[in-house]
Amino acid sequence: MSYFDELAYQFIDGEWRSGSGSWDIVDFNPYNGEKLASIPCATVEEIDQAYRAAERAQREWGAVNPYTRRLVFERALRIIDDREAELSEAIAAEVGGTLTKVGFELHLVREFLREAIQLALRAEGRILPSPIDGKENRLYRLPVGVVGVISPFNFPFLLSIKSVAPAIALGNAVVLKPHQNTPICGGGLVARLFEEAGLPAGVLNVVVTDIAEIGDALIDHPVPKTISFTGSEKVGRHVATVAAAHFKHSVLELGGNSALVVLDDADVDYAVDAAVFSRFVHQGQVCMAANRILVDRAVEREFTEKFVAKVASLKVGDPTDPSTHIGPLINEGQAEAVSSLVDRAVAEGASALLHGETHGTLVAPSVLSGLPDDSPLLTQEIFGPVALLVPFDGDEEAVRMTNSTPFGLSGAVHTGDIERGVRFAKRIDTGMFHVNDATVHDEPIVPFGGEKSSGVGRLNGDAMVEAFTTTKWISIQHGRSAFPF
């Protein structure tokens with residue numbers, strides 16, 4: 001695993017160096033337990049060094065012609081094409097992603113890099129009229145300066161690139177902290193990609209560390225003006241609180257409890273396919289995954305029989321086997337937590353139409369029905385291969401049930417009447433909703449984000465310009481102003 005040997009370091013000011021912390025972050029393959037890397041933890045001092053390097057580098061990078069900035073991303077795309085096999089192997093080994101998931105992740109990485117090429121030219125200014133004669137109002141769109149990015153473990157390469165690339169394209173510098181379970185794919189690979197693509201030293205820095213070592217130093221440091229965080233609602237709430245206390249802008253892409261809703265006129269076979277994908281893609285470790293599958297009682301029996309049969313056919317095992325549908329969860333702690341949720345739900349009265357066994361990090365799919373109305377599973381995020389089937393009577397009850405969660409990220413509705421689906425979607429308190437499709441979607445130019453506890457702000461497309469630039473008003477008085485004293 002050459003990538004793991006080469007990249008088990010901090011990347012600060014263009015140099016690969018060891019962290020000076022007193023302990024190591026150890027990186028394991030979640031499927032077979034193989035030790036992939038051991039990385040000495042970055043300290044508060046190294047966080048400061050990374051931010052100061054970014055601050056210095058940004059002054060020059062922000063002044064670079066945006067057409068020149070674009071060349072970095074064009075080269076990065078070519079590198080991914082040349083190294084696709086190695087990148088795929090690294091993602092499968094560190095994340096436990098199936099080959100389907102790995103291909104999906106690399107596809108979206110390419111799409112977001114292509115969008116970054118366009119974003120470099122999208123920080124447009126304006127000239128606004130004034131009620132004062134001779135006054136010219138110029139509105140400049142400028143980089144915020146330095147951005148702190150904190151990425152998750154489930155799609156680490158993609159979700160690091162998703163914030164890093166547009167921030168850099170728009171003239172900022174970045175300090176990236178990957179999740180401690182995926183320090184290479186979420187950090188080292190990103191640093192190496194842009195290093196080889198010719199990004200100047202200091203514009204991107206990667207620190208591999210943990211809150212136990214640095215506390216809030218990554219957020220409350222005086223240099224970064226914007227914090228982009230993708231992860232759990234609990235941690236995101238803390239990030240938002242600390243950032244706000246220091247007058248920093250934060251973009252928070254948090255958890256979800258999405259519903260896939262099957263109305264009485266839906267194409268049941270198609271809805272089953274969409275629901276199985278929406279729930280079990282990447283073992284359910286996706287913020288947009290369909291935690292709840294709501295089915296009109298008119299089609300409940302048919303849907304349930306076909307859904308359970310399809311889920312039972314999913315193969316659990318080695319993620320590098322092309323026939324595998326369900327690979328490992330990220331670690332044994334997560335696997336045990338998911339298994340405990342299922343056991344507790346059954347003990348509280350739920351029926352297990354499928355009750356998947358757990359072996360280490362491999363958790364076979366479970367399908368639960370008959371959950372009590374007050375079951376906590378109905379309102380929380382389940383980051384694992386567990387599907388909840390919930391019947392409803394009519395659209396009004398479906399809307400109420402879909403909205404009865406503190407989250408509001410994604411969702412989907414299946415119906416034979418597209419406009420009925422659109423009317424339904426408009427009534428759901430989410431940032432994203434899909435008619436006759438899966439709940440899991442991400443496109444580079446479409447605003448991505450949630451409502452309620454699923455986050456604050458949007459990413460993708462023009463929303464990236466809002467997230468990673470600031471506006472500055474410069475007025476010019478042609479002639480002389482008259483003052484009252």
Side-chain angles (χ1 to χ4, degrees), residues 28-31 33 92 94-98 100-101 104-105 152-156 159 179 181-182 230-235 254-260 275-293 307-308 310-319 324-348 350-369 371 375-390 405-407 409-411 438-440 454:
F28 293 100
N29 180 314
Y31 174 65
E94 187 176 56
V95 185
T98 63
T100 298
K101 184 267 186 189
F104 179 66
E105 183 163 4
F153 69 79
N154 54 343
F155 283 78
L159 295 179
H179 194 280
N181 285 129
T182 50
T230 303
S232 72
E233 180 268 340
K234 180 181 178 181
V235 178
L254 309 180
N257 183 18
S258 299
L260 186 143
V276 171
F277 172 81
S278 297
R279 177 60 266 179
F280 296 105
V281 61
H282 192 40
Q283 297 77 263
Q285 298 175 119
V286 182
C287 58
M288 296 170 282
N291 274 22
R292 300 167 296 149
I293 300 166
F307 180 82
V308 172
K310 189 173 182 70
V311 174
S313 72
L314 299 178
K315 181 180 177 180
V316 181
D318 185 349
T324 296
H325 302 100
I326 306 287
L329 296 188
I330 191 65
N331 54 48
E332 288 193 3
Q334 182 65 17
E336 291 170 3
V338 170
S339 297
S340 295
L341 287 176
V342 175
D343 293 341
R344 187 163 66 247
V346 172
E348 293 172 351
S351 298
L353 306 181
L354 284 177
H355 196 155
E357 295 183 353
T358 297
H359 299 283
T361 55
L362 289 176
V363 180
S366 291
V367 178
L368 304 180
S369 67
L371 284 88
S375 172
L377 275 186
L378 293 172
T379 57
Q380 71 185 76
E381 181 176 42
I382 306 172
F383 229 53
V386 181
L388 311 180
L389 297 184
V390 185
T405 169
F407 296 99
L409 186 58
S410 185
T439 61
V440 180
S454 287

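All figures in this text were calculated on a predicted structure; none of them were measured in a lab.
Of all non-hydrogen atoms in Ala289 and Gly284, the two that sit nearest each other are CB-O, 4.1 Å. Closest approach of Ile326 to Thr324, counting heavy atoms only: O-CG2, 3.4 Å. Heavy-atom minimum distance, Gly360 versus Ala335: O-CB, 3.4 Å. The shortest non-hydrogen separation linking Leu354 to Ala312 is CD1-N, 3.8 Å. Summarising the geometry of Leu362 relative to Gly317, their closest heavy-atom pair is CD2-O, 3.8 Å, with the distance given to 0.1 Å. Heavy atoms only, all atoms of each residue included: Ala345 and Leu368 are closest at CB-CD1, 3.8 Å.
Taking CG from Leu260 and CG from Asn291, the interatomic distance works out to 11.5 Å, rounded to the nearest 0.5 Å. From Ser366, atom OG reaches atom CG of Asp343 across 8.5 Å, with rounding to the nearest 0.5 Å. Here the straight-line distance linking atom CG of Leu353 with atom CZ of Phe307 works out to 9.5 Å at 0.5 Å rounding. Remark: Cys287 SG to Leu159 CG distance equals 7.5 Å, nearest 0.5 Å. For the atom pair CG of Leu388 and CG of Leu378, the computed distance is 6.0 Å after rounding to the nearest 0.5 Å. Residue Lys310 holds its NZ atom at 11.5 Å from CZ of Phe280, rounded to the nearest 0.5 Å.
The backbone N or O of Gly327 lies less than 3.5 Å from a partner atom in the side chain of Gln283, making a donor-acceptor pair. Checked by atom type and distance alone, the side chain of Arg279 pairs as donor or acceptor with a backbone atom of Gly384 at under 3.5 Å. A donor-acceptor contact shorter than 3.5 Å links the side chain of Glu381 to the backbone of Gly256. A donor-acceptor pair is defined here as one N or O able to donate and one able to accept, closer than 3.5 Å; such a pair exists between the side chain of Ser278 and the backbone of Thr439. No donor-acceptor pair under 3.5 Å is formed between the side chain of Thr361 and the backbone N or O of Pro328. For Gln334 (side chain) and Phe383 (main-chain N/O), a donor-acceptor pair under 3.5 Å exists by modelled atom type.
When side chains are defined from C-beta on, Pro406 counts as touching Thr379, because their heavy atoms get closer than 4.5 Å. Residues Asn257 and Arg292 form a side-chain contact, since some pair of their non-hydrogen atoms from C-beta on lies under 4.5 Å apart. Side chains of Val342 and His355 form a contact here, defined as non-hydrogen atoms less than 4.5 Å apart. Counting only heavy atoms from C-beta outward, the side chains of Lys101 and Phe155 approach each other to under 4.5 Å. Counting heavy atoms from C-beta on, the side chains of Leu329 and Gln285 come closer than 4.5 Å. Side chains of Pro385 and His325 form no contact here, defined as non-hydrogen atoms less than 4.5 Å apart. Within the 4.5 Å cutoff, the side chain of Val276 has heavy atoms near those of the Leu314 side chain.
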Val316 vs His359, side-chain contact (heavy atoms from CB on, under 4.5 Å): CA-CA, chis, key distance, verdict = CA-CA 11 Å; Val316 181; His359 299 283; over 6 Å; no
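With no hydrogens or angles considered, no side-chain donor-acceptor pair links Asn154 and His179 at under 3.5 Å.
Residues His282 and Phe104 place their aromatic rings such that the two centres sit no closer than 6.0 Å.
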